[in-house]
**Student:** 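First, the structure itself, so that you have it in front of you.
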Amino acid sequence: MSPNDVRAGPRRRDCLAGAAAIVLGTGRAGAAPLGVYRRGNDADPETLDPHRSSTVAEAHILRDLYEGLVAYDGAGDLIPGAAEGWTVSPDRLTYTFRLRAEGRWSNGDPVLAGDFVFALRRILNPATAAKYAEVLFAIRGARAVNGGDAPAEALGVAAPDPRTVVLTLEQPTPYILELLTHQTALPVHPASTARHGDAFTKPGNLVSNGPYRLVDMVPNDRITLARNLYFHAAAGVTIPTVAFLPTPDLASAVRRYAAGEIDSLADLPGDQMASLRRRFGAEVVLGPALGVYALALNTRKPPFDDVRVRRALSLGLDREFLGGAVWGETMSPAYSLCPPGLDNSLPPPELAGREALPIDREEEARALLAAAGFGPGGRTLRLEYRFNSSDNNRNTAIAVADMWRGLGVETRFVYTDAKTHFAHLRDGGDFDVARMSWIADYSDPQNFLFLLESGNDGLNAGRYANPAFDRLMREAAAEPDTARRADILFAAESLLMAELPWIPLLHNRSKALISQRLKGYRANLRNVSPTRFLRLEG
């Protein structure tokens, strides 16, 4: 798709607050099938191979099919999974997991320590072409193995006996247990992968060790799972069948929910929140999430290499308006890169000036621009704002341009589809200001701050490079004391908030529709809700 350039015209901000009403039925027409949980999911999965998966939609399904050494409960807290427990060496480099004696695959085979060794070696084998292999680089030798520079046997994973898995790390990694819940660390059944090759994920071939087993797959319609009676906690799994229904069109998904055809939706159209609340009341559930919506500035390019310009642009933004009027309160104002509530962290440092009145922030912003040579008597700051097309992103861009117009800044838009947008940034394409977003894989400040390390060209769109920041990140990575590490990461983020290579706008919130017949759902920071902890009533 070619970029489409438009200029931001004058527009009252209150025009953005309105949301188009959706047409819904007056009642629930669909009769809910007994014992079947119809679970709305973002999209059809590209794969059910845990080691080749990369999307949230796939993660929801894989979390029901498989169980890692560590798992999540219904509140998003870490609990023992395939391992009944573990010990950690004094230097925090060796984790020893003891598998459950009753652990079984869905065909009745015992879950063995060698299965985890096989799986970790498989995902890090460069021939697997795993998109998310780098998530596991905390394991000793993982980077070298994945790069083809070391044999699989060099990976820091061992099975000294059938029930013991030993992981050795490159350096202390306080979030390693959460990494082991990720789909990249899930086991696969060695005999099935050997017998069926890439077809091991098909119904009839897939053997899983989680609370559910695969029954059927109908593309663009549903993926059906049934309770795995061999699962070690099968007696506590009350929902016999779960059908994952792809819901990429959120407006259509809401209509299906209203008609009683879907029991839950894991995402909602942000511009319809007022209407949804009127229609469904307490069935609309909002919660925290591990995500940030930000504006990257091209620090390689004048005038965006000038911190005074970056700070002025940040001061000119009304984040409360963006989160409330534009996003219908499905996003919260962000005054830090890291969202609050992360593990292994202090409360994040906030942007200076948050408590100032809007008129004072605008006055400071104009003074900074004037010092940089822009404004009355100087040049007009003209910039190009790139974003990937969606209603919410476009409305955000229009609102931001309107706010900057008050500072004398002229904004031109360039928008493309998401694939083109992020490829342009990843490949070092030219830009002034660009929309960025990040959903963390684990609840730790490092998974946000690493985005701006020099050399991380795939994610550091503006190519920000600060040796002091890089040094702090290296110190944090090598620090075994969790409290001291939190102090170092706080200092690293404080530096970012002073320099603003990315301007944080909003933090994500989870948003869901939960039917009254579905019980046990608990909104949580990690936005996980394994089916095994839910139940159906009525």
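In this chain, numbering begins with 1 at the start of the sequence shown. Computed from a prediction, not measured in an experiment: that's the story for all the values here.
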**Student:** Mind running side chain to side chain donor-acceptor pair (under 3.5 Å) on N209 and R104 for me, showing each step along the way?
**Tutor:** CA-CA 6 Å; N209 75 322; R104 292 289 183 273; over 6 Å; no

**Student:** Among V157, V188, V111, find the residue that satisfies the side-chain contact (heavy atoms from CB on, under 4.5 Å) test when tested with F116.
**Tutor:** V111

**Student:** Can you give me every donor-acceptor pair (side chain of residues 216-230, partner residue at least two apart or in another chain, under 3.5 Å) with its distance?
**Tutor:**
| residue | atom | partner | partner atom | Å |
| --- | --- | --- | --- | --- |
| R227 | NH1 | V237 | O | 2.6 |
| N228 | OD1 | Y230 | N | 3.0 |
| N228 | ND2 | G210 | O | 2.9 |

**Student:** Using side-chain contact (heavy atoms from CB on, under 4.5 Å) as the criterion, point out the one residue from P504, S336, C338 that pairs with F448.
**Tutor:** C338

**Student:** Going from CD on Q183 to OG on S53, what distance comes out if it is rounded to the nearest 0.5 angstrom?
**Tutor:** 3.5 Å

**Student:** Which heavy-atom pair separates M436 from A296 by the least distance, and what is that distance?
**Tutor:** CG-CB, 3.6 Å

**Student:** Could you tabulate the donor-acceptor pairs under 3.5 Å formed by side-chain atoms of residues 127-137, not counting sequence neighbours?
**Tutor:**
| residue | atom | partner | partner atom | Å |
| --- | --- | --- | --- | --- |
| T128 | OG1 | R122 | O | 2.5 |
| K131 | NZ | E46 | OE1 | 3.2 |
| Y132 | OH | D441 | OD1 | 3.0 |

**Student:** Under the salt bridge (charged side-chain N to carboxylate O under 4.0 Å, His left out) rule, collect the residues that match up with R535, sequence neighbours excluded.
**Tutor:** E537

**Student:** What distance separates W502 CH2 from M497 CE, expressed to the nearest 0.5 Å?
**Tutor:** 10.5 Å

**Student:** Distance-only check: which donor-acceptor pairs under 3.5 Å involve side-chain atoms of residues 239-250, not counting sequence neighbours?
**Tutor:**
| residue | atom | partner | partner atom | Å |
| --- | --- | --- | --- | --- |
| T247 | OG1 | N41 | O | 2.7 |
| D249 | OD1 | A251 | N | 3.2 |
| D249 | OD1 | S252 | N | 3.1 |

**Student:** To the nearest 0.5 Å, what is the distance between OG1 (T482) and CZ (R92)?
**Tutor:** 6.0 Å

**Student:** Got I139 and L155 here, is their nearest side-chain heavy-atom distance under 4.5 Å?
**Tutor:** yes

**Student:** Please, which pairs that meet salt bridge (charged side-chain N to carboxylate O under 4.0 Å, His left out) have at least one residue in residues 51-60, sequence neighbours excluded?
**Tutor:** D49-R52, R52-D198

**Student:** Who are the side chain to side chain contact (heavy atoms under 4.5 Å, CB included) partners of S494, not counting sequence neighbours?
**Tutor:** P349, F490

**Student:** ring-ring contact (aromatic ring centres under 6.0 Å, His included) with Y442: which residues, sequence neighbours excluded?
**Tutor:** Y175

**Student:** Just say parallel, tilted or perpendicular for the rings of W438 and F450, cut-offs at 30° and 60°.
**Tutor:** perpendicular

**Student:** If the condition is side chain to side chain contact (heavy atoms under 4.5 Å, CB included), which residues does A233 pass it with, not counting sequence neighbours?
**Tutor:** F231, R532

**Student:** Tell me, please, which residues at least two apart from H421 pass ring-ring contact (aromatic ring centres under 6.0 Å, His included).
**Tutor:** none

**Student:** Heavy atoms, side chains only, cut-off 4.5 Å: are P501 and L496 in contact?
**Tutor:** yes

**Student:** Look up atom CG in L452 and atom CG in N466, then write down how far apart they are to the nearest 0.5 Å.
**Tutor:** 10.5 Å

**Student:** Would you give me the side-chain donor-acceptor pairs under 3.5 Å for residues 67-83, sequence neighbours excluded?
**Tutor:**
| residue | atom | partner | partner atom | Å |
| --- | --- | --- | --- | --- |
| E67 | OE1 | A82 | N | 3.3 |
| E67 | OE1 | H232 | NE2 | 2.9 |
| E67 | OE2 | H232 | NE2 | 3.3 |
| Y72 | OH | E178 | OE2 | 2.9 |
| Y72 | OH | T181 | OG1 | 3.2 |
| D73 | OD1 | A75 | N | 2.9 |
| D73 | OD1 | G76 | N | 3.1 |
| D73 | OD1 | D77 | N | 2.9 |

**Student:** Roughly how far, to the nearest 0.5 Å, is CD1 of I262 from CG of L513?
**Tutor:** 9.5 Å

**Student:** Rounded to the nearest 0.5 Å, what separates atom CG in L295 from atom CZ in F387?
**Tutor:** 11.5 Å

**Student:** Could I get the full list of side chain to side chain contact (heavy atoms under 4.5 Å, CB included) partners for A491, not counting sequence neighbours?
**Tutor:** L472

**Student:** For Y293, give me all partners under ring-ring contact (aromatic ring centres under 6.0 Å, His included), at least two apart in sequence or on another chain.
**Tutor:** W327

**Student:** Kindly state whether the ring of Y95 and the ring of W86 have centres lying under 6.0 angstrom apart.
**Tutor:** no

**Student:** Between T55 (side chain only) and A59 (backbone N and O only), is there a donor and an acceptor less than 3.5 Å apart?
**Tutor:** no

